[in-house]
Amino acid sequence: MNKKPLFNFLSQLGLLDTVLFPQKEGDYAANLHSDVQNKLKLIQPDAIYIFNNRPFILFFDLSSDNNKERENDIHKKVWSFDNSPIIFVIKELDIKIYNAFNYIKKNKALEEISLTKDEIKEKFSFWSLQSNCVWEWFQKEYLDNKHKRESKKRVNERLFQNIRDVRSALIDKDRDPEGSVPNSLILRLIFIRYLIDRGIKIDDEFIIGEDLHTKRLSFSKLIKDYKKLHLLFVKLNNRFNGVLFKDIEVDLSPEQAEALSHVFSGEYPEKGTLFYGSDFYFDIFDFSIIPVEVISGIYESLIDPATRNLQSAVYTPSFLVEYILNETVDNHLNNNNVSECKILEVAVGSGIFLVQSLRKMIEKEIELNGNTNKESFSERIRSIAKNNLYGVDINKEALKVACFSIYIALLDYQEPKDINLYRFPNLLNENLFEADFFHVEHQYNEIIGRINFDYILGNPPWKKDDSNHHLEWINNHKIYSKKIKGKIEIAQSFLLRVKDFMTSNTEVALIVTSTIFYNVSKTTQEFKYNFLTSFYIRKFFDLSPVRRLIFEEKNSPASIVYYKLSDGTNAPNNIINHQSIKPNIFLKLFKMLVVEKYDKKAIEQKYFIENDWMFKVALYGNTLDYHILKKITNYPQTLNDIIDNKDILIKGSGIKEKPVLDSFPFLIGATLLENEEVSQYFTDRNKGNIITEEDIYLQSGRRKVLFEGNQILLKAQTENESDIVISYTEAPFVFKHDIFGISTTKDINKLFEIYALLISNLHTYYQYLSNCSWGIATRPAIRLEEYLSFPYPTSTQEDKSKLINLIHRFLEPYFVFYKEFKFGEPYKDKTILTEINETIYHLFKIEEYEKDIIDYALEVSRYQFQENKQDLITKFTNNKNDYRDRETVLNQYASIFIKELSNIYEDEYIQAQVYSLEHFIAINFIFSSDKVDKKIVFVDKVSDESLILQKLANNLSISQITDTSDPMKNLFIQKDIKGFEDNSLYIIKPNEYKCWHRAMAWYDLIEFKELIEHEELNPQN
């Protein structure tokens, strides 16, 4: 077939050397997952664009093949594939682009993306793909914009919604509250459709037809004849065994059978019928192509929402499972060159860990022993499933879905013609147990207690729990210093309970709510100490900053913890591989976990034992942040120490309204301030409302003295998740819960001192890197004890007087503004604010480089977890008055390098040549014995990226810095490329503000200095 139009098109985009074409066997020369390779063989694209081993774009050349049926088939299959967001269809006269995540049924096609030829060249050029420009555009225009939820209906969402709609219409809440009957029916029907779509022969007595379309119609008609359908169920039970067609008798009324038949044939439900109002896609779904992990995900649709909420079951995304298995099961199979790996999944749910592990074992079995002998291969993979997969779950319906998913996985690796009589292994009550994980008397303890597991995996419930078995286990094992009677985080208990099933060779990897490592309550601290001294933590992968992108419905912070048993003595010296992930387009659009260079750290376990804030610093900070925090927390006093809370300075939380417990008459006549009336820096005395006799019935009215004199008001909630709200007022006010106050009638100067410390950048920095919820929890808040834990520096009377004077000057415009009625906002004097910050830096002996590190936390890190503020950390401006001004930022970065390198090479002159390009920025530091006119030169005459790379180093090429198969070599993932030449050193980074912030210059310098020292110690290099 002539593929010239495709080649010409790819050449115009600059992609001819980047895309992959199918080989003789239909495979693509890439490290693609075998399942993806097999699905691509069915879809048959003529070229694919790969990034990080994922097929992002599929190209189809239909220029010499005007087969409409083939084109329609492409649309359906690509949508079911659910791996590639965009496809190109090249025809004789035009080129069509489609959003492959959105199939529009009425059009019988994917959603078309309308672009001119010039727009196609611009958006899909090599550099646009490499720098993610096209994906940011695609996200904004086709996923986030006017299409909203409608355009986000990917195949998994449609499938899950369709299943929920069928289940909801068929369930009998009175006789079958758990929905066992509709659940069994749905699983059976999907299983049969899977057999049909795979081309597995069923029985001509029930399903007739030579082609796929005819067989599907035959199946739809069979559903109408429910008695005959039931006979097929019996036949399939005899053929396959397993749990799917056993026990539960499924009965349908003629109306239900008729309606269900129409659903599977693709007809729109008529008004007045059972399924009217739902939009079904069963005629579009291709179960031979839909990823098996999507099929596993139907568990979420089969569990009643109330039951799911009660059990706090959270569906584990397949990409997260794959990430965990790559580091556990894959390693075990490859390192030991075996095809078996014993796994226990706690809180089984859909069984996705077991299913995906089984797939990896089967693939390794094929690699080691082949699959040419079909009969022995079938038997072998059945025994692999039976001998290696174990699990516990409190919900029997979940275990049925797990069995179903395992069956599908077993069939997936066998050819249709080889599947005639195939007996599924018995798993229920032998491998998979319906039980409370904390019920130590249940039979499962004895059965799985005899097994030496290689891995214990899972995603335990995310809730506080006080069930009997749970509390009994906690208290019998004396986990905490006092007996627990109320609810406690069950994830903590899961992390400790698995010890009962571990050997010295077992590794655990559990997804748990992150808050159990950040909270500072006594029980949490006891748990952390117990956990960190009992186990070796191999890796801690913190997903808290992307909680909204990982678990979309739950929106809760999570972490993956990998650990093994310790010997009880060396745990503090263990090195934890700490990694985290921040919001990025790869995760948002493609569900790819891309970890940037500076989000990978190796930290001794003892630091997490010794410092409550270590998890936070590891997440949002770095080595230099650790040293800054240790430095400032080394001061002996805190704000809490200087507040006597009796006579001079009073502290406390605001009144609490409900439930009403008493009356507090001393509040009558005082002014009550609403939380939203508290303004940053200063709150006007004219705000609030007078408290009447009707308002004094409360849970707690606090102390009268707290609401007297001048006050500092502190908001518990951060403003827009970014700013601490500290406010001074002379009112005084009564304030509500979630506002804290520090008040005085006797020492305003001391109050001014405290106010200065609290509004400082150093205090904001301290709170951001030590607070247990800011940047972690769903509703971040700072508690009063956290505010008052800020160190109080030793200072001279002169320093104190200076600070007090600065605060007088800073507040004066606010006093003046509110004395006269004016529109707008009072003037905030940034110059005085800078002086306050510099004075406090002086008191804490903060060095210049430390100020840069602090600024990075305030200008970059505190926005990293906020998806809607990514422009603040990535985009430059061209405004000299803005801290993100491109030229200013690059000048500051280069200046630090020149100054520090000049201290090393005192007899040489250094010039920085800055190449600020559209997709990346490069700085070349050139060493010379001759004096240079300008230390920093912006080179804007050269715009060709390849020429600049050649200028920096002889061996640099575009393909080297944009490797799409290896993230470690890709500039836009790892964020920098550094190197030496004979008389220069260079650094290349993406065109992003955060990469060139002056704080990054200090980290980059550390790396260069280490490289220089290494070269000097090894001159032969």
Side-chain angles (χ1 to χ4, degrees), residues 520 638-640 642-643 645 649-662 664 666-692 695-745 748 750-752 754-760 763-764 766-768 771-774 777-790 807 811 814 818 825-826:
V520 291
T638 65
L639 292 181
N640 191 59
I642 65 164
I643 297 174
N645 207 29
L649 291 165
I650 309 299
K651 65 179 181 182
S653 179
I655 62 172
K656 203 164 186 178
E657 295 174 297
K658 292 179 180 178
V660 172
L661 299 178
D662 204 346
F664 299 87
F666 68 81
L667 294 174
I668 296 173
T671 304
L672 177 64
L673 191 68
E674 298 294 334
N675 291 6
E676 59 271 17
E677 292 181 294
V678 178
S679 303
Q680 180 68 291
Y681 297 117
F682 188 88
T683 298
D684 177 25
R685 65 168 63 217
N686 294 315
K687 290 184 177 179
N689 294 295
I690 300 299
I691 296 174
T692 67
D695 304 321
I696 63 170
Y697 298 94
L698 309 164
Q699 181 185 351
S700 174
R702 309 303 182 188
R703 294 186 294 163
K704 182 181 180 183
V705 67
L706 179 62
F707 307 125
E708 295 177 340
N710 292 30
Q711 298 168 314
I712 299 171
L713 303 178
L714 314 160
K715 270 192 173 182
Q717 297 289 325
T718 54
E719 194 84 9
N720 299 318
E721 294 192 280
S722 301
D723 298 298
I724 296 173
V725 178
I726 312 287
S727 190
Y728 186 84
T729 182
E730 298 179 300
F733 291 112
V734 173
F735 42 90
K736 290 188 175 182
H737 188 62
D738 278 346
I739 301 289
F740 311 116
I742 305 169
S743 65
T744 186
T745 57
I748 293 178
K750 183 62 74 175
L751 200 66
F752 276 1
I754 295 171
Y755 177 74
L757 290 167
L758 290 172
I759 65 170
S760 70
H763 173 253
T764 303
Y766 168 82
Q767 290 296 348
Y768 183 67
N771 172 263
C772 67
S773 64
W774 192 1
T778 309
R779 292 186 74 248
I782 303 172
R783 296 172 302 118
L784 179 58
E785 50 265 43
E786 290 178 297
Y787 272 122
L788 300 184
S789 69
F790 186 66
I807 294 302
L811 292 176
Y814 291 91
Y818 287 117
E825 296 291 328

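Nothing here was measured: the structure is a model prediction, and the numbers come from that model. One-based numbering along the sequence shown. Values below: all heavy atoms of this structure, side chains included; hydrogens, waters and symmetry mates excluded.
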Quiz item: Any chance the rings of Phe707 and Phe735 have centres within less than 6.0 Å?
Solution: yes

Decide yes or no for [X] and [Y]: does some side-chain heavy atom of the first lie under 4.5 Å from some side-chain heavy atom of the second?
| X | Y | value |
| --- | --- | --- |
| Tyr818 | Arg685 | no |
| Leu639 | Lys651 | no |
| Glu708 | Ser743 | no |
| Ile754 | Ile642 | yes |

Once you round to the nearest 0.5 Å, how far does [atom1] of [X] lie from [atom2] of [Y]?
| X | Y | atom1 | atom2 | result |
| --- | --- | --- | --- | --- |
| Asn689 | Glu674 | CG | CD | 7.0 Å |
| Tyr728 | Asn710 | OH | CG | 3.5 Å |
| Lys656 | Lys736 | NZ | NZ | 13.5 Å |
| Asn645 | Leu788 | CG | CG | 9.5 Å |
| Ile655 | Asp695 | CD1 | CG | 8.5 Å |
| Leu714 | Ile724 | CG | CD1 | 9.5 Å |

Please report the closest heavy-atom contact between [X] and [Y], naming both atoms and the distance.
| X | Y | answer |
| --- | --- | --- |
| Gln717 | Ala781 | NE2-CB, 3.7 Å |
| His737 | Ser653 | ND1-OG, 3.7 Å |
| Tyr697 | Val660 | O-CG2, 3.6 Å |
| Ala670 | Val734 | CB-CG2, 3.6 Å |

Exercise. Check salt bridge (Lys or Arg N to Asp or Glu O under 4.0 Å) between Arg703 and all other residues, then give those that pass, not counting sequence neighbours.
Key: none

If only atom types and distance count, is the side chain of [X] paired as donor or acceptor with the main-chain N or O of [Y] below 3.5 Å?
| X | Y | value |
| --- | --- | --- |
| Thr683 | Ser727 | no |
| Gln711 | Phe733 | yes |
| Gln680 | Ile726 | yes |
| Glu786 | Asn771 | no |

Quiz prompt | Aromatic plane relationship, Tyr814 with Tyr681 - under 30° parallel, 30 to 60° tilted, over 60° perpendicular | solution = tilted

Quiz item: With under 30° as parallel and over 60° as perpendicular, where do the rings of Tyr787 and His763 fit, or are they tilted in between?
Solution: parallel

Exercise. Answer yes or no: are there more than 12 heavy-atom neighbours, outside Glu825 itself, under 6.0 Å from its atom CD?
Key: no

Quiz item: Quick one: do the Thr729 and Lys687 side chains pair a donor with an acceptor below 3.5 Å?
Solution: no

Exercise. Under the side chain to side chain contact (heavy atoms under 4.5 Å, CB included) rule, what do Thr671 and Ile690 come out as? Steps first, then yes or no, please.
Key: CA-CA 5 Å; Thr671 304; Ile690 300 299; 3.6 Å; yes

Exercise. Take Leu667 and Leu672 through the test side chain to side chain contact (heavy atoms under 4.5 Å, CB included) and record every step on the way to the result.
Key: CA-CA 9 Å; Leu667 294 174; Leu672 177 64; over 6 Å; no

Quiz item: Partners of Glu721 by side-chain contact (heavy atoms from CB on, under 4.5 Å), sequence neighbours excluded?
Solution: Arg547, Arg548, Thr718, Pro780, Phe865, Gln866

